[in-house]
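Take a look at the structure below.
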Amino acid sequence: MSLRIGSRFSALYICATLALAGFAMLAGGMPHVGWVAWPALALTLLGLRDYLQTRHSIRRNYPILGNLRFFFEFIRPELRQYIVESDTEARPFSRNQRSVVYQRAKGELDKVPFGTQLDLYEAGTEWITHSMAPAPVQPYDFRVVVGGPGCSAPYPASVFNISALSFGALSANAILALNRGALDGRFAHDTGEGGISRYHREHGGDLVWEVGSGYFGCRTPEGRFDPQRFAEEARRPQVKMIEIKLSQGAKPGHGGVLPAAKVSPEIAQARGVPARVDCISPASHSEFSTPTGLLEFVARLRELCGGKPVGFKLCVGHPWELFAITKAMLATGITPDFITVDGSEGGTGAAPAEFVDHVGMPLQEGLLLVHNTLVGLNLRERIRIAASGKVITAFDIARTLAIGADWCNSARGFMFALGCVQAQHCHLDTCPSGVATQDPTRMRALVVPNKAERVAGFHRNTLRALAELIAAAGLTHPSQLRPHHIVQRVSHNEVRLLSHMLPFLKPGDLLDAGQAERFPHKVYEIWWPRARAESFQPA
């Protein structure tokens, strides 16, 4: 057993040693010293119980010492009120946000006492307007059909799904639990760009296969796209949609390297790369270099996968590049079945600090730009929009749908459901809860049947809360949400409906280029005329 493992079990070892030594002293006629045997024995038994139980990953990975977390959780209100941060400080998620995920995942009471802890008069505070004639609460299995004119196998997606989480970034047990939870809850599990591993396949839950610039799982030995391997994987019944990853929220425009030491044989098999060799994910795709080329790649993948929905994911950067893609849609007649907008507030296992804090468009602005542009070209009805970026509660979903999304994805929300405690050791391979690690002794703490039940429970109870929320607004389906249902505080004594604060285009507004000066936002006036379907560079 390694020193690293031993350090996690040191308390159990010490207590067991003290118990044995104490009983030896008692037997040797040294009662004044041997009294230590009984408390040490009690702690040893507690440690063994922690190690063998399957409910709590932290106690399973840290026998005896792991109980301190639950002790401080019990006395948390007093400690945090006077000593530590408040329950509403989000770094990056507040304790209140995490608590509601834990409660819903476990099926526990998710109500709060004594009123809100938020300052409702602080700028930026938001709420949903309610009706004096609430609608009946509907069954919460809300769906949206994904598939445009070129799609022959549309997919009825849940309005809340698991965002991209690769095997390699997450442990095998985490992937197993997520996919089993997706199967039980009838929602989709995005594979991330790390390919489809055997852990994704074991339970048979619906998959969205993310194809990144490394073409993992569908690449040639030289790293180029392999259409035959892609078709073999994509035509499996378990794969419901294909998502081309252009960029991700936490590090848009940045490639990645999985060091050789972390490229285990299992990871290598899933990705189609050599084991124990640096696994490189380029910053850009090699199969296309123009907006028209991207759409031709979309059409090619749709044909290869048997007509399933194909779309792409991006964190919005240069607006003229987005405009160029939409102009290419008009020029070629090819449209994706969906676009996933990833906000820059999205998370990942590891990214440079500058990219995390200062690169990419936040979800609200990116989503609005994509939604408005498609509306302005009369393409919105043909293309569904997904959104991701710190979406974990029913209000997060409602707000995101109100400003233009058709469904939402969440990564860290489902990680919390797995037992993540926001230790932020994702990039160190020392995750204490067994979620983001490849250490087999750490991932052992994550017991798949138990955590799968929590994944499904989090999804189920979040959508149940969404059903109650939209019913209070007098609606019967989340698709009825509009910007005027969301109110945002501008200052202490001023509030506005979101529809009055944000510019929204009308259908067909962008089709008349001569009317650019009447667009309600400068970004269209400046960059729409300069965007070109044949190049990502502006004219």
Side-chain angles (χ1 to χ4, degrees), residues 92 162-166 168-169 190-194 208-216 242-258 279-291 293-295 297-298 311-326 328 336 338-374 383 385-391 400 403-405 408-412 415 424 426-427 523 527 531 535-538:
I162 302 171
S163 195
L165 292 165
S166 298
D190 193 311
T191 65
E193 67 173 321
V208 178
W209 183 14
E210 183 176 274
V211 178
S213 55
Y215 306 115
F216 299 129
I242 309 296
E243 180 181 78
I244 303 167
K245 178 192 148 185
L246 302 181
S247 59
Q248 68 184 85
K251 49 180 179 180
H254 190 282
V257 177
L258 188 64
C279 180
I280 299 174
S281 179
S284 60
H285 281 259
S286 59
E287 288 300 301
F288 55 86
S289 58
T290 66
L294 166 61
L295 295 177
F297 190 56
V298 167
F312 58 82
K313 179 177 86 171
L314 81 166
C315 177
V316 179
H318 297 318
W320 60 84
E321 294 182 346
L322 173 66
F323 298 162
I325 293 172
T326 56
F338 65 94
I339 298 173
T340 301
V341 182
D342 202 13
S344 61
E345 60 268 57
T348 183
E354 292 83 358
F355 279 78
V356 170
D357 294 334
H358 303 293
V359 180
M361 198 175 287
L363 179 57
Q364 174 177 296
E365 286 74 16
L367 175 57
L368 282 170
L369 196 63
V370 172
H371 171 75
N372 273 325
T373 303
L374 295 179
I383 302 171
I385 299 178
S388 55
K390 294 189 77 172
V391 177
T400 306
I403 61 175
C408 293
N409 297 327
S410 176
R412 287 169 292 181
M415 287 173 68
Q424 300 184 59
C426 311
H427 59 307
V523 69
W527 294 114
S535 174
F536 284 114
Q537 298 298 321

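Nothing here was measured: the structure is a model prediction, and the numbers come from that model. The residues of the chain are indexed from 1 along the displayed sequence.
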Give me the ring orientation class for Phe288 and Phe297: parallel if the planes are under 30° apart, tilted from 30 to 60°, perpendicular past 60°.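 The rings of Phe288 and Phe297 sit tilted, inter-plane angle from 30° to 60°.
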
Considering only heavy atoms from C-beta outward, does the side chain of [X] approach that of [Y] to under 4.5 Å?
| X | Y | result |
| --- | --- | --- |
| Leu294 | Leu246 | yes |
| Gln424 | Pro92 | yes |
| Pro538 | Phe323 | no |
| Ser166 | Phe216 | no |
| Val359 | Ser344 | no |
| Ile339 | Leu374 | yes |

Please name all residues satisfying side-chain hydrogen bond (donor to acceptor under 3.5 Å, both in side chains) with Ser163, sequence neighbours left out, ordered by chain then number.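 Checked Ser163 against side-chain hydrogen bond (donor to acceptor under 3.5 Å, both in side chains); zero matches.
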
State which residues pass side-chain hydrogen bond (donor to acceptor under 3.5 Å, both in side chains) with Thr373; sequence neighbours excluded, sorted by chain then number. Tyr524

To the nearest 0.5 Å, what is the distance between [atom1] ([X]) and [atom2] ([Y])?
| X | Y | atom1 | atom2 | result |
| --- | --- | --- | --- | --- |
| Ser410 | Leu165 | OG | CG | 8.5 Å |
| Ser281 | Lys245 | OG | NZ | 5.0 Å |
| Leu369 | Met361 | CG | CE | 5.5 Å |
| Glu193 | Glu243 | CD | CD | 10.5 Å |

Considering all heavy atoms, the nearest [X]-[Y] contact:
| X | Y | answer |
| --- | --- | --- |
| Gly253 | Ser247 | N-CB, 4.2 Å |
| Val211 | His285 | O-CE1, 3.9 Å |
| Gly404 | Leu367 | C-CD1, 4.0 Å |
| Gly389 | Asp342 | N-OD1, 4.5 Å |
| Ile280 | Pro282 | O-CD, 3.6 Å |
| Ser388 | Leu363 | O-CD1, 3.7 Å |

Residue list, side chain to side chain contact (heavy atoms under 4.5 Å, CB included) with [X], at least two apart or on another chain:
| X | value |
| --- | --- |
| Ser535 | Arg532, Gln537 |
| Ala328 | Pro291, Thr292, Leu295, Ala533 |
| His371 | Val375, Arg380, Ile385, Phe504 |

What's the verdict on salt bridge (Lys or Arg N to Asp or Glu O under 4.0 Å) for Glu345 and Lys390, showing C-alpha distance, side-chain angles and the deciding distance? CA-CA 7 Å; Glu345 60 268 57; Lys390 294 189 77 172; over 6 Å; no

N/O donor to acceptor pairs below 3.5 angstrom from side-chain atoms of residues 311-322, sequence neighbours left out:
{"residue": "Lys313", "atom": "NZ", "partner": "Glu210", "partner atom": "OE1", "Å": "3.0"}
{"residue": "Trp320", "atom": "NE1", "partner": "Phe536", "partner atom": "O", "Å": "3.3"}

Could you tell me whether the side chain of Thr191 and the main chain of Trp209 form a donor-acceptor pair under 3.5 Å?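 No, because the side chain of Thr191 does not come within donor-acceptor range (under 3.5 Å) of the backbone of Trp209.
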
